[in-house]
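Sharing a structure below in structure tokens format, with a few things to ask.
Please read all numbers here as calculations on a predicted model, not as lab measurements. So that the names make sense, note that chain A is the first sequence line, chain B the second, and so on, each numbered from 1.
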Amino acid sequence: MISSTFRHIPGVGPKKELRIWKCGILSWNDFLSRKSRGLPPSLRTNEQLQIVRESVRKLSDGDVRYFRDALPKGELWRLYPDFFENTGFLDIETTGLDRNYSELTLIGVADKHGYSSFVSGENLEEFRDAIDKYDLIVTFNGSSFDIPFVEHYLGNVFRNCAHIDLMRLLRRIGYSGGLKKIESDLGVGRPSSLRGLSGYDAVRMWSLHRLGDTRALPTLIRYNAEDVASLPELTSIAFNQIVGSIGVNGFSKVPSFRPEVNHLPFHIDLIDDLTNPGY
DNA sequence: ACTGATTACAGCGCACGGGT
DNA sequence: ACCCGTGCGCTGTAATCAGT
């Protein structure tokens, strides 16, 4: 719960926040009540009380931007429980890694209600409205890849939401490597006919789609959906483990879920083609 | 009051490691 | 093979605290 956080107050880093917690002040309400009398004067200035009162207001307004701008980037994961209901999980496909020379082909977004795709040349522009529904966006390595890539093509579409980069979060608890490696390290995901595909196959599938292969786009969408579908599980694992490692505080655990994507069609013969060497 | 220890923070430069 | 955001270690500075 974000209301246990004090790191958005200027001058409060990890050590001072820990001291506040150790004094039994586990929430903004504790901080504003008589309980906080025990704190040293420098941890309870009028300015700080003002910021905490403001935080209470901003949270009840659901103003995620206030916290996005005030919190250190590495601590934005703390927003997850409070904005859980309005969190979107996002993954994109492109024709290459360099956004200056590559095309944005597909954006996939999943949330509690399911999965949606936005395809270049079809409905990509609808993403602008779709993204505005969310307070929070979770990606894997999105701060280096997905977010700048999308902004390059669609402009400042993330202006109203905060972004959590799951890759950084997972690395903090000792999991590094690509998404598929971490999925298998953590036992997340399911056996799937598409497991053998890589990001480069997404590039090839898009080319086939443009050449008129009608199997390619559905299979690309399904590939994207399976990547996105793992993000919520990985997020709760990372969140709960980080919360556990902090020890004493007022953060609660978050539930896990997996968006249903098995109804999305794909073409096994295309996958066989792609995974056959020399194709 | 003074002192030394601790803490936060900003500005460096640098190496790393993911994405398609 | 490319890009580049991130985070690390390092430095100096300023503020604060705890103990004397």
Side-chain angles (χ1 to χ4, degrees), chain A residues 5-23 38-45 47-48 51 68 70-77 89-108 117-120 124 137-153 158 162-185 194 196-210 216-217 219-228 230-231 234 238 242 274:
Chain A
T5 285
F6 299 93
R7 293 284 299 279
H8 59 306
I9 301 171
V12 178
K15 300 283 169 62
K16 284 193 180 171
E17 184 181 58
L18 199 57
R19 262 185 72 193
I20 293 172
W21 288 337
K22 290 247 173 83
C23 289
L39 290 171
S42 75
L43 284 177
R44 203 176 176 280
T45 63
E47 199 192 345
Q48 288 160 346
I51 292 175
R68 173 194 66 190
L71 278 169
K73 269 207 194 67
E75 300 301 325
L76 287 177
W77 58 271
F89 299 84
L90 180 147
D91 184 42
I92 68 172
E93 311 302 330
T94 72
T95 57
L97 295 170
D98 184 344
R99 60 179 170 274
N100 293 309
Y101 302 100
S102 309
E103 202 184 327
L104 174 60
T105 59
L106 169 65
I107 306 177
S117 57
F118 303 88
V119 180
S120 171
L124 190 60
I137 291 298
V138 178
T139 65
F140 187 87
N141 196 29
S143 33
S144 297
F145 186 72
D146 304 69
I147 299 291
F149 214 114
V150 171
E151 284 178 340
H152 187 260
Y153 281 90
F158 301 107
H163 167 239
I164 297 173
D165 191 334
L166 185 51
M167 190 187 84
R168 317 270 156 194
L169 220 50
L170 287 162
R171 189 169 300 170
R172 212 198 263 207
I173 58 171
Y175 295 97
S176 62
L179 177 61
K180 288 164 185 71
K181 174 182 182 293
I182 296 179
E183 273 182 46
S184 94
D185 288 349
L194 291 86
L197 299 183
S198 74
Y200 184 60
D201 293 314
V203 178
R204 299 160 77 198
M205 283 192 274
W206 183 256
S207 309
L208 292 172
H209 163 63
R210 297 311 290 265
L217 184 56
T219 310
L220 175 64
I221 290 173
R222 173 67 182 258
Y223 168 78
N224 175 264
E226 291 196 12
D227 275 357
V228 180
S230 294
L231 300 182
L234 293 172
I242 290 181
L274 289 170

Checking side-chain contact (heavy atoms from CB on, under 4.5 Å) between A/L104 and each of A/D146, A/T95, A/I92, which is the one that passes? A/I92
Scan A/P148 against the nucleic acid and name what it touches under 4.0 Å (heavy atoms): base, sugar-phosphate only, or nothing. nothing
Aromatic plane relationship, A/F149 with A/Y153 - under 30° parallel, 30 to 60° tilted, over 60° perpendicular: parallel
Determine the contact category for A/G96: base if any of its heavy atoms lies under 4.0 Å from a base atom, sugar-phosphate if only primed atoms, P, OP1 or OP2 are that close, otherwise nothing. base
What is the nucleic acid contact for A/F140, judged by heavy atoms within less than 4.0 Å: base, sugar-phosphate only, or nothing? sugar-phosphate
Of A/K73 and A/D98, whose nearest nucleotide on DNA chain C comes first from the 5' end? A/D98
Can you measure A/N141 atom CG to B/dG17 atom C1' for me and round it to whole angstrom units? 8 Å
Please work out if A/G74 contacts a base, only the sugar-phosphate, or nothing of the nucleic acid, heavy-atom cut-off 4.0 Å. nothing
Candidate nucleotides B/dG19, C/dG5, B/dA8, ranked by approach to the side chain of A/L179 - the nearest: B/dG19
Pairwise side-chain contact, A/L231 with A/L166, heavy-atom cut-off 4.5 Å (strictly under): yes
Separation of atom OH in A/Y101 from atom C1' in C/dA1, rounded to whole Å: 13 Å
Would you please name every residue forming a side-chain contact (heavy atoms from CB on, under 4.5 Å) with A/R7, sequence neighbours left out? A/T5, A/P14, A/E17, A/L71, A/P72, A/E75, A/R78
Specify the separation, in whole Å, of atom CG of A/L106 and atom C1' of B/dG19. 15 Å
With heavy atoms under 4.0 Å as the rule, sort A/R19 into base, sugar-phosphate or nothing. sugar-phosphate
Could you tell me the separation between the CD atom of A/E75 and the C1' atom of C/dT6, rounded to a whole number of Å? 14 Å
Short side-chain N/O contact from A/K15 to OP1 or OP2 of B/dT7, under 4.0 Å: yes
Let me know the distance between CD of A/E151 and P of C/dG5, rounded to the nearest Å. 10 Å
With the side chain of A/S144 defined as its heavy atoms from C-beta on, choose the nearest nucleotide among C/dG5, C/dT6, B/dG19. C/dG5
Are any of A/R171's side-chain N or O atoms less than 4.0 Å away from OP1 or OP2 of B/dG18? yes
Could you tell me how far apart A/L169 (CG) and C/dT6 (P) are, to the nearest whole angstrom? 14 Å
Bracket string, DNA chain B, 5' to 3' - pairs by Watson-Crick or G-U geometry under 3.5 Å, | interstrand: |||||||||||||||||||.
Go through B/dT20, C/dC2, B/dG18 for me and flag the one nearest to the A/S176 side chain. B/dG18
Between A/T139 and A/H163, do the side chains contain a donor N or O and an acceptor N or O under 3.5 Å apart? yes
Closest of B/dT20, C/dG7, B/dG18 to the A/R168 side chain is C/dG7
Note, A/S143 side chain near A/I147 side chain (heavy atom, < 4.5 Å): no
What nucleic acid atoms does A/N224 come within less than 4.0 Å of, heavy atoms only: base, sugar-phosphate, or nothing? nothing
Side chain of A/S143: nearest nucleotide among B/dT20, C/dT6, C/dC2? C/dT6
In whole Å, what is the span from the CG atom of A/D165 to the C1' atom of C/dC4? 13 Å
Is any NZ, NE, NH1 or NH2 atom of the basic residue among A/E103 and A/R210 found under 4.0 Å from an Asp or Glu carboxylate oxygen of the other? yes
Contact class for A/T94 (heavy atom, under 4.0 Å): base, sugar-phosphate, or nothing? sugar-phosphate
Please determine whether the number of non-hydrogen atoms from other residues, nucleotides or ligands lying under 6.0 Å from atom CD of A/E151 exceeds 12. yes
Let me see the working for A/L90 and A/V138 under side-chain contact (heavy atoms from CB on, under 4.5 Å), right down to the final yes or no. CA-CA 6 Å; A/L90 180 147; A/V138 178; over 6 Å; no
Taking only the side-chain heavy atoms of A/M167 (C-beta and beyond), determine which of C/dT6, B/dT20, B/dG18 contains the nearest atom. B/dG18
Could you give the NZ-to-P distance, from A/K16 to B/dT6, as a whole number of Å? 15 Å
Nearest-neighbour nucleotide for the A/V203 side chain, B/dG18, C/dC4, B/dT20 considered: B/dT20
